[in-house]
**Student:** 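Take this structure, written in structure tokens, and hold onto it; I'll ask about it next.
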Amino acid sequence: MLRQFRPALLMIVVMTVITGLIYPLGMTGIAQLVFPHQANGSLIEKDGKVIGSTLIGQNFTSDKYFHGRPSATTEPDPKDPTKTVPVPYAADNSAASNLAPTAQPLIDRVKADAAKLQAENPSAPVPVDLVTTSASGLDPDITPAGAFFQVPRVAKARGLPEDRVHQLVQDNIQGRTLGIIGEPHVNVLKLNLALDAMK
Amino acid sequence: MTSNGWIQIALFSVIVIALTRPFGGYMTRVFNGERTFLHPILRPIERAIYWCCGVDEQQEQHWLTYAVAMLLFSLVGVITLYALQRLQWYLPFNPQGQTAVEQSLAFNTAVSFITNTNWQAYGGETTMSYLVQMAGLAVHNFLSAATGIALAIALVRGFARREAKTIGNFWVDLTRTTLYILLPLSVVVGLFFVWQGMPQNLNAYVDATTLEGAKQTIAQGPVASQEVIKMMGTNGGGFFNVNSAHPYENPNALTNFVQMILIFSIGAALTNVLGRMVKDERQGWAIFAAMGVLFLAGVTTMYWAEAHPNPAFAAFHVDSAPSALQAGGNMEGKEVRFGIADSAIFGTATTDASCGAVNGMFDSFMPLGGMVPLINIQLGEVIFGGVGSGLYGILAFAIVAMFVAGLMVGRTPEYLGKKLESREVKMTILALLSLPLSILGWTALATVLPAGLAGIANTGPHGFTEILYSFTSATGNNGSAFAGLSANTLYYNMTLAGAMLMGRFIFVIPLLAVAGSLAGKKLLAPSAGTFPTQSPLFVGLLVGVILIIGGLTYFPAVALGPVVEQVAMNHGTLFAGP
């Protein structure tokens with residue numbers, strides 16, 4: 001029986017070298033060579049400064065920008081490190097609300113958010129993705145419905161005709177992969193960059 | 001529910017079916033030590049490993065030696081992984097300066113990754129250095145998966161061999177699985193993942209200045225290389241806290257689809273390996289069919305439940321109806337790029353198998369939607385199942401099914417040409433009883449102790465479900481969670497580790513004993529009285545036995561959690577925050 005001890009010990013060492021060092025470091029080397037943009041996090045730079053990643057959602061609050069979904073991420077409270085404070089879209093601490101469908105705090109939050117959005121655009125019901133937090137807290141996307149809903153507010157804040165902003169949203173809808181897989185969505189950061197580029 | 005959703009479910013099923021036979025054929029060759037197209041490259045490495053570790057590849061093992069080898073390997077794994085986490089501050093590849101992982105959390109995580117559970121009481125990006133992720137967690141993603149597959153192959157050999165004393169060599173099975181199956185696929189699919197947007201770097205976290213001028217720190221790391229084995233090995237321990245919901249860990253619908261297929265690929269192929277090893281592939285397809293029926297039942301229920309909006313939202317003028325412009329349904333805790341259908345397939349597959357990765361948060365699922373993963377695990381994770389553990393799990397149920405059939409006609413049961421006698425049936429029942437003992441025992445304890453109740457994030461029946469789910473997931477070696485539960489406490493870290501150990505080892509050791517005793521038996525030729533185990537009748541019997549055992553064992557507990565919550569929700573009852 002104790003004869004199995006030596007292979008047990010050595011097997012861990014050898015396999016750690018193969019699958020834990022050679023494999024991931026080799027993969028990193030190849031990835032950096034062949035797909036450097038993706039391998040480094042799909043970052044976007046503007047004037048030499050990193051402004052974010054196309055894959056990671058950002059917190060937008062200004063009326064001039066399209067907003068992403070509510071985010072449940074937090075950071076440690078600077079005053080008391082044992083507690084946390086809400087910091088939406090904290091990309092170094094992904095998290096979800098984990099609220100049950102029957103939880104009073106969830107229903108209260110949705111009620112307040114829906115009322116706020118309704119005041120911005122009374123002409124249509126509020127798309128559900130705009131009042132629900134994502135699984136990651138970093139969802140980069142909203143639904144096309146969620147983007148169209150915000151067109152009147154953004155157009156007014158920028159002094160642009162609504163149909164031009166509407167068209168911009170239309171142009172930024174990413175459909176399903178191969179027409180089948182996933183759901184249509186609009187990347188909020190890309191949409192807002194396109195908005196800033198509009199004359 | 002939309003027609004596109006059903007098409008996606010159909011497409012997923014067709015791809016899994018199509019992969020089963022070719023992949024099963026390749027794996028059979030590997031386990032039999034036959035030559036494959038990768039031999040010119042990998043065979044010299046394989047030999048070097050045996051030489052290095054002092055393994056004689058010709059020498060086969062008795063089931064007891066096989067079990068001891070597996071246990072010693074797991075013990076050494078726990079110790080080294082624990083040490084790595086505690087010492088990460090002193091080691092390289094730690095650009096964020098992560099400090100030593102707290103003792104009970106490090107122990108919980110070490111047990112969790114050795115048992116193929118990959119329960120996350122930690123958040124990856126806030127706790128673990130890149131070295132621990134690569135050389136600790138990812139290594140055990142490979143090794144615990146390879147261990148599970150080796151154990152399943154040992155049990156299959158028990159059925160396939162006649163009057164043999166041995167069931168294979170653990171070290172050889174482990175090495176071959178890692179080298180010929182897991183590693184090559186990881187390289188190929190891992191690079192595909194990078195192409196699709198998954199990071200693969202060793203950089204420090206990036207500070208970005210957002211369009212509105214705020215500071216955003218974006219976590220980085222060697223994500224892709226870990227992600228692929230996390231899915232394929234049905235490990236499920238995410239690089240990041242929110243697992244496959246994180247846009248870096250699952251950038252788009254295509255990576256999501258590939259991840260879902262990876263969850264089932266090996267488990268499905270192993271049914272074909274069983275068929276090939278007992279020289280009748282239809283035996284494998286019968287097992288596959290039973291698994292397939294249960295998968296479709298689960299995914300349909302979950303898709304139906306999640307496509308419904310939260311009834312409380314209707315009063316606030318919220319639009320949850322599916323249309324060309326939105327998926328609608330219950331979007332709390334889900335990602336827009338996946339919507340409802342892909343969250344339902346993923347959630348069902350990850351708990352059918354013992355994967356436990358998530359792309360949406362079960363804690364925020366509808367009561368009956370969240371019940372599906374709970375029941376999937378409680379049925380023993382035999383619906384394709386964890387790599388290896390799914391196959392040995394369903395073979396245990398097949399033994400019980402044939403025992404029940406034998407009782408009906410008063411005949412000694414047989415399965416795959418082997419007589420099932422008192423010893424095999426006793427050992428199988430011992431294995432199957434260990435799961436409810438752990439799940440229900442630990443849950444009952446936590447619900448009466450203040451330390452157990454301290455962790456819940458939602459009150460009422462949902463809080464009970466959170467506790468029940470945690471011990472179900474740990475015992476089933478799944479690793480998914482109703483993640484609101486604050487599980488990173490001394491109480492939960494230790495009790496959940498206990499549940500994981502019971503679920504892995506008390507379950508599998510009796511089954512290795514069954515393998516040993518079956519291998520020593522004669523192979524009977526089928527006669528007129530033999531129950532045809534490649535027939536639809538057998539599939540029905542097997543599904544029935546799984547559902548009856550699961551139902552009798554867990555119905556009371558499930559009724560107290562999700563069922564009560566669904567009734568309460570329909571009545572408009574809400575539960576205050578904790």
Side-chain angles (χ1 to χ4, degrees), chain A residues 1 4-12 14-16 19-20 24 27-28 31 35 38-42 50-53 55-56 58 91-94 96 98 100-105 107 111 114 118 125-129 132 134-136 138-141 143-145 177 181-183 185 192, chain B residues 52-55 68-69 72-73 76 134-135 139 142 171 194-195 197 199-201 205 208 210 216-219 222 225 240-242 245-247 251 253-254 257 310 312 316-320 325-327 331-333 335-337 339 360-361 363 366 457-458 462 483-484 569 574-577:
Chain A
M1 292 294 156
Q4 303 300 326
F5 199 71
R6 191 180 140 204
L9 211 64
L10 292 173
M11 201 57 99
I12 290 277
V14 171
M15 287 298 184
T16 301
T19 64
M27 291 283 282
T28 307
F35 307 113
Q38 294 96 315
N40 289 315
S42 308
V50 178
I51 57 161
S53 162
L55 293 175
I56 304 289
Q58 297 191 351
D92 56 352
N93 191 13
S94 58
N98 285 314
T102 53
Q104 187 74 53
I107 306 304
K111 186 178 181 183
Q118 199 65 72
V126 182
V128 67
D129 61 308
T132 46
S134 61
S136 61
L138 307 172
D139 197 337
D141 305 314
T143 61
T177 310
I181 300 169
E183 296 292 340
H185 55 271
N192 284 332
Chain B
C52 211
C53 300
V55 172
V68 167
L72 278 176
F73 184 65
V76 174
M134 292 189 300
V139 166
F142 280 99
W171 307 116
V194 178
W195 175 47
Q200 180 70 26
N201 63 53
Y205 295 178
T210 67
Q216 186 184 37
T217 305
I218 306 176
S225 61
F240 298 109
N241 186 38
V242 292
H246 197 292
L254 190 60
F257 214 76
N310 190 322
F316 314 138
H317 210 45
V318 170
D319 179 14
S320 303
L325 298 179
Q326 68 167 9
M331 283 303 287
E332 179 74 13
E335 300 279 298
V336 165
R337 62 194 181 283
M361 292 302 147
D363 220 348
M366 287 297 173
N458 292 281
H462 199 88
M569 189 179 76
L574 296 177
F575 299 93

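Reminder, nothing fancy here: chain letters follow the sequence lines and each chain counts from 1. Side-chain atoms are counted along with the backbone in the values below, which use heavy atoms only and exclude waters and symmetry mates.
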**Student:** Which one, B:Ala457, B:Ser320, B:Pro222, B:Ala483, leads in non-hydrogen pairs under 4.5 Å with chain A?
**Tutor:** B:Ala483
**Student:** Which of the residues A:Leu138, A:Ile107, A:Val14, A:Asp129 is involved in the greatest number of heavy-atom pairs with chain B at under 4.5 angstrom?
**Tutor:** A:Ile107
**Student:** How close do B:Phe316 and A:Gln118 get, heavy atom to heavy atom, and via which atoms?
**Tutor:** O-OE1, 4.4 Å
**Student:** Identify, with sequence neighbours excluded, every residue that meets side-chain hydrogen bond (donor to acceptor under 3.5 Å, both in side chains) alongside A:Ser42.
**Tutor:** none
**Student:** If you count heavy-atom pairs within less than 4.5 Å of chain A, which of B:Met366, B:Met134, B:Met569 leads?
**Tutor:** B:Met134
**Student:** Identify, with sequence neighbours excluded, every residue that meets ring pair (Phe, Tyr, Trp, His ring centres under 6.0 Å) alongside B:Phe240.
**Tutor:** B:His246
**Student:** Test side chain to side chain contact (heavy atoms under 4.5 Å, CB included) on A:Asp141 and A:Glu183 and set out the steps.
**Tutor:** CA-CA 11 Å; A:Asp141 305 314; A:Glu183 296 292 340; over 6 Å; no
**Student:** Taking every non-hydrogen pair under 4.5 Å, which of B:Gly333, B:Gly339, B:Ala312, B:Ala576 racks up the most with chain A?
**Tutor:** B:Gly333
**Student:** Specify the closest pair of heavy atoms between A:His185 and B:Val336, including all atoms of both residues, with the distance to one decimal.
**Tutor:** CB-CG1, 3.7 Å
**Student:** For chain A, find which of B:Asp319, B:Asn241, B:Asn310, B:Leu254 contributes the most heavy-atom pairs closer than 4.5 angstrom.
**Tutor:** B:Asp319
**Student:** I'd like to know if the side chain of A:Asn98 and the backbone of B:Asn458 have a donor-acceptor N/O pair within less than 3.5 Å.
**Tutor:** no
**Student:** Could you tell me which non-hydrogen atom of A:Pro127 sits nearest to which non-hydrogen atom of A:Ala145, and how far apart they are?
**Tutor:** CG-O, 3.5 Å
**Student:** With a 4.5 angstrom heavy-atom cut-off, could you sort out which part of B:Val55 is near chain A: side chain, backbone, both or neither?
**Tutor:** side chain
**Student:** So which of A:Leu9, A:Ile56, A:Asn192, A:Thr102 has the largest heavy-atom pair count under 4.5 angstrom toward chain B?
**Tutor:** A:Thr102
**Student:** Please test B:Phe142 against A:Met15 for side chain to side chain contact (heavy atoms under 4.5 Å, CB included), starting from the C-alpha separation and ending with a verdict.
**Tutor:** CA-CA 9 Å; B:Phe142 280 99; A:Met15 287 298 184; over 6 Å; no
**Student:** Quick check for you: among B:Ala327, B:Ala219, B:Gly197, B:Gly577, which has the greatest number of heavy-atom pairs under 4.5 Å with chain A?
**Tutor:** B:Gly197
**Student:** Let me know if A:Thr177 has heavy atoms under 4.5 Å from chain B in its side chain, its backbone, both or neither.
**Tutor:** side chain
**Student:** Might you work through the side chain to side chain contact (heavy atoms under 4.5 Å, CB included) test for B:Phe73 and A:Gln4, ending with a clear yes or no?
**Tutor:** CA-CA 9 Å; B:Phe73 184 65; A:Gln4 303 300 326; over 6 Å; no
**Student:** Most heavy-atom pairs under 4.5 angstrom with chain B, which of A:Ser134, A:Ser136, A:Gly52?
**Tutor:** A:Ser136
**Student:** I'd like to know which of A:Ala96, A:Pro24, A:Ala91 tops the heavy-atom pair count under 4.5 Å against chain B.
**Tutor:** A:Ala91
**Student:** Among A:Leu10, A:Val128, A:Thr16, which has the most heavy-atom pairs under 4.5 Å with chain B?
**Tutor:** A:Val128
**Student:** Could you tell me which of A:Ala103, A:Ala100, A:Gly20, A:Ala135 has the largest number of non-hydrogen atom pairs under 4.5 Å with chain B?
**Tutor:** A:Ala135
**Student:** If we define contacts as heavy-atom pairs under 4.5 Å, which of B:Gln326, B:Glu335, B:Arg337 has the most with chain A?
**Tutor:** B:Glu335
